[in-house]
Amino acid sequence: METRLVPRHRSDQLPDSLSTVLLVLPDRFEITSQLMDISCQGMKLAIPPTPVPLTIPRKTETVEVVFHASRLRVSCRCIYSSYNPDGSISMGMYVFDPHQQDQLRTLLAENE
């Protein structure tokens, strides 16, 4: 089993105010997404099926995640993105800015 250097929180461990975020795609399209899990270094998001096909980011593209309750905006690098059979999208992202990692760490600590 892999050992993580930072704690990772599943969505069921988070308050509702943190589990829903706004995802800003590279083309500036905004969509509400659900956090599946999160750490101060990255997160996994699920985007429900949409009636219009999305241009999902490719590996290494940058997206922004906005936390509604705190108005925290975090820039992330896409690690993977894929369509699921039900039309939903799964995305993994890495928070590459150390200052934003600290802000995210603080946000998570406040909501434990």
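Using a 4.5 Å heavy-atom threshold, the side chains of P49 and S88 count as touching. L35 is listed as a side-chain neighbour of L45, based on a closest heavy-atom distance under 4.5 Å. Residues V74 and D97 fail the side-chain proximity criterion, which asks for heavy atoms closer than 4.5 Å. With a 4.5 Å cut-off on side-chain heavy atoms, L104 and M43 count as touching. For the pair T20 and Q34, the minimum side-chain heavy-atom distance is below 4.5 Å.
Judged by distance alone, the side chain of S19 and the main-chain N or O of S11 form no donor-acceptor pair under 3.5 Å. A side-chain donor-acceptor contact under 3.5 Å links Q100 to the backbone of S75. For the pair Q41 (side chain) and Q101 (backbone), a donor-acceptor distance under 3.5 Å is absent.
Scanning all heavy atoms of the two residues, the minimum distance from L54 to Y83 falls at O-OH, 3.0 Å. Counting all heavy atoms, side chain and backbone alike, C78 lies closest to M93 at CA-CG, 4.0 Å. For the residue pair L23 and V65, the shortest heavy atom distance occurs at CD1-CG2, 4.1 Å. The heavy-atom pair separating G42 from R8 by the smallest distance is O-NH1, 3.9 Å. What you find for T32 and P48 is that their closest heavy atoms are O-CD, 3.9 Å. Taking every heavy atom of both residues into account, C40 and V95 meet most closely at O-CB, 3.9 Å.
Partners of D12 by salt bridge (charged side-chain N to carboxylate O under 4.0 Å, His left out), not counting sequence neighbours, listed by chain and number: R10. With sequence neighbours left out, the side chain to side chain donor-acceptor pair (under 3.5 Å) criterion links D27 to no other residue.
For D86, the CG atom sits in a packed shell: over 12 heavy atoms of surrounding residues, nucleotides or ligands are nearer than 6.0 Å.
Side-chain contact of N84 with S90: a donor-acceptor pair under 3.5 Å is present, judged by distance alone.
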